[in-house]
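Notes follow the structure.
We name chains A, B, ... by the order of the sequence lines, and we start the count at 1 in each one. Any value given below was found using the heavy atoms of this structure, including those in side chains, with hydrogens, waters and symmetry copies removed. It should be emphasised that the depicted structure is a prediction, and the values quoted were computed from it without experimental measurement.
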2 protein chains.
Amino acid sequence: MDEFELDERKTKILDAIIRNYLETGEPVGSRTISKYTDLNLSSATIRNEMADLEEQGYILQPHTSAGRIPSDKGYRFYVDHLMEEKNREVSEMKNFVIEHTEKMDQVLQQVAKILAANTNYATMVTAPTYHKNKVKFIQLSNMNEEQILATIVTEGNLVKNKIIPVNGEIDNETMLKLNFLLNANLNGLALQEINLGTIAKLKEQAGIHSAIISDVLDTVAETMGQEDDIRIYTSGATNFFKYPELSDSEKASELISTFEEKQQLASLVTENLLDEENTGIQVYIGNESPIQTMRDCSVVTATYELGEGVRGTIGIVGPKRMDYEKVMDNLKTLKNSLDGILDKKKEET
Amino acid sequence: MDEFELDERKTKILDAIIRNYLETGEPVGSRTISKYTDLNLSSATIRNEMADLEEQGYILQPHTSAGRIPSDKGYRFYVDHLMEEKNREVSEMKNFVIEHTEKMDQVLQQVAKILAANTNYATMVTAPTYHKNKVKFIQLSNMNEEQILATIVTEGNLVKNKIIPVNGEIDNETMLKLNFLLNANLNGLALQEINLGTIAKLKEQAGIHSAIISDVLDTVAETMGQEDDIRIYTSGATNFFKYPELSDSEKASELISTFEEKQQLASLVTENLLDEENTGIQVYIGNESPIQTMRDCSVVTATYELGEGVRGTIGIVGPKRMDYEKVMDNLKTLKNSLDGILDKKKEET
DNA sequence: TGTTAGCACTCCACAACAACGAGTGCTAAC
DNA sequence: GTTAGCACTCGTTGTTGTGGAGTGCTAACA
């Protein structure tokens, strides 16, 4: 119950300190606050209050004769209680996304880019993964004597192909039979529902072609079980240079590396994606983040859900003194634009 | 005819200056060279020779009382005439690549990573593009009442899918006819060979389904005309920080941005890929590079050819004082490993 | 009892300055 | 043609001192 530790005046002062620091990035002194607020208090009084706030752990003094900066606890209090939540429009984005849903990867890259340009922070967007996704359609076709092509489509319209080598061409009748077999047994099933029983039955009915069934099932598993390669798009990694507290070459280098080796970012994502309840926005301040290199940063992520079970994450990484209001506003609007797009598209047509 | 401008002694001195500078990154003075070489000359003599070399444009003096550093012209001379070309083995890479040719994108990312770790420079690898590529197989299939799935496979085994909306299901007979039509008319053709005549003929034969043919042809064009989205994998962008001459935040930021916005790197690639003759290794020193942000860097690229017409590029970007011998050695070995892999694989099976 | 003015103190930032040394060009002697 | 010697240049590094922003504390005040 943090908020009961602070009376109204202390709260106002803390709010003023943080807002000021968010703007300038410089430690803020008592005199500044005395003028900045409408409290009509002298700097001396403010100093007393600041001493208290420091004792309670909301602010820090980089060195004896400097002003104060917010601590992680201070930021957390700000995000939880002080910040106003705006609700602007980012409607251009909405239309943009809706109009281009086919070329998902380019759209997501573009989303990351626009968001980075908009906020001046580093951004990441993960491609939607298809939790609870179901097989919609499977097609085997003869390509030539040595190869057949397997195509698998899921409910989320994710398509995957595999070229399967075979010995000698398979005649058309067998092909039709195999196609029928696969679709009859697998369509509408989620990955978890395809159990050993189903597989055994399939293979039995396929007779001598059971090897092909195996290959197809492998591809199905690969298509639907995405955990090994979440696609992550990033942009604006060099924005870290814009904030002196992150721009010394060691820190910047670490952070940018993390963005370059995109897989490291996955840990920011996975826990949120799996949590069925979580539909909102997460804020990690400093050490709250699961990624060590980001201990001097804040991370804000939002989970979007294009359609039933089709989820991805958008994240913004910046200095702890990031403009939380703006960032969360951006993320919310974006999330709202993306949520349920698949369903909306269906309704339209 | 640069080499006739320099007598043997001047050449030796220039060689010594450049090698020394490659190692240290510091301007090198006459005394150092006097000891570094086996010429048994005093520093004063070296100074005289250095004055000549400077006048001829091979070396530069950052300021009056500093040693000399190589100019672009100096590096060029070094690369063209002085450097020894080693031929070590990077055989691990070879096996690695051969064993994993299915998951191309992961392999290429890995290649970029290994190369970056090996050289301590920034690296880029472009996915092979399929020049002169031909249609191998086209398959349309009914997914449900509203959608059909088009799958296109090229000679290079590049597969692309498109979901095409239709009004009402198409009966199986029509489907077979359309499939036959497409394959009979398009198989074996390169993009350039699919002309208006072919298209008109196709549409005519398709009758009321000519709209579907249009959609399929669009997808074919998209699959084979790759110029808009060359996939580029990068690694080690933060290596720029390792070289003081590139690590000030402005320069580093520019360079890293260029690597992040991968599309900007495409200009390094396109000219080489299209040039049928070019099979070797390109070196761009300083302003020779087509990318402005790399004026303080050197870029070395190699074009590999997995199979007939299936080409990609590997590039290394580092400071002008990069270890050209090592870099070119690495690239050559890698290139040799990749060249003709598709054909080799065929022979194996 | 809470608020404020005043003051001595701390400590960082920054500029000025000096000392150093690596390297040069030039001259004169070998 | 080569080299020793020397005066000179100029960037680097370390020192020193000054200014200012901000603090904590004390004492006076409402």
Could you state the atom-to-atom distance from CG of A/Leu39 to P of C/dG2 in whole Å? 17 Å

Produce the list of close N/O pairs, under 3.5 Å, pairing protein atoms with atoms of nucleotides 24-26 of chain D; give distances to one decimal.
residue, atom, partner, partner atom, Å
D/dG24, OP1, A/Arg68, NH2, 3.0
D/dG24, N7, A/Arg47, NE, 3.1
D/dG24, O6, A/Arg47, NH2, 3.2

With rounding to the nearest 0.5 Å, note down the distance linking CG in A/Asp323 to CZ in A/Arg19. 9.0 Å

Identify the residue among A/Ile69, A/Ile13, A/Leu14, A/Val28 that makes a side-chain contact (heavy atoms from CB on, under 4.5 Å) with A/Ile59. A/Leu14

For DNA chain D, the residues among residues 24-35 of chain B that have a non-hydrogen atom under 4.0 Å from it: none

Rounded to the Å, how far apart are B/Glu49 CD and C/dG23 P? 19 Å

Here the distance between atom C1' of C/dT24 and atom NE2 of B/His63, to the nearest Å, is 11 Å

Taking D/dA21, D/dT3, C/dT3 as options, the one with an atom nearest any side-chain atom of B/Leu41 is D/dT3

Flag for B/Thr123-B/Tyr233: side-chain donor and acceptor within less than 3.5 Å: no

Axial cation check for B/Tyr75 ring with B/Lys320, 6.0 Å and 45° limits: no

Will you find, in the side chains of B/Thr234 and B/Lys262, an N or O donor that is under 3.5 Å from an N or O acceptor? yes

Using only side-chain N and O atoms of A/Thr45, determine if any of them is under 4.0 Å from OP1 or OP2 of C/dT4. yes

Under a 3.5 Å cutoff, is there a donor and acceptor pairing between the side chains of B/Thr301 and B/Tyr284? no

Check A/Glu245 with A/Lys251, please: is the shortest side-chain N to carboxylate O separation under 4.0 Å? no

Just name whichever nucleotide pairs with C/dC17, Watson-Crick or G-U, keeping both distances under 3.5 Å, else none. D/dG14

How long is the line joining CD1 of A/Ile46 and C1' of D/dG22, in whole Å? 14 Å

Hydrogens and angles aside, do B/Asp72 and B/Asn287 bring a side-chain donor and acceptor to less than 3.5 Å of each other? no

Is the closest side-chain donor-acceptor distance between B/Ser247 and A/Ser249 under 3.5 Å? no

Applying the Watson-Crick and G-U wobble criteria at under 3.5 Å, what pairs with D/dT26? Answer none if nothing qualifies. C/dA5

Want to settle it: does B/Ser65 or B/Asn40 sit nearer the 5' end of DNA chain D, counting the closest nucleotide to each? B/Asn40

Taking the minimum atom-to-atom distance to the side chain of A/Ser42, which one of C/dC11, D/dT9, C/dT4 wins? C/dT4

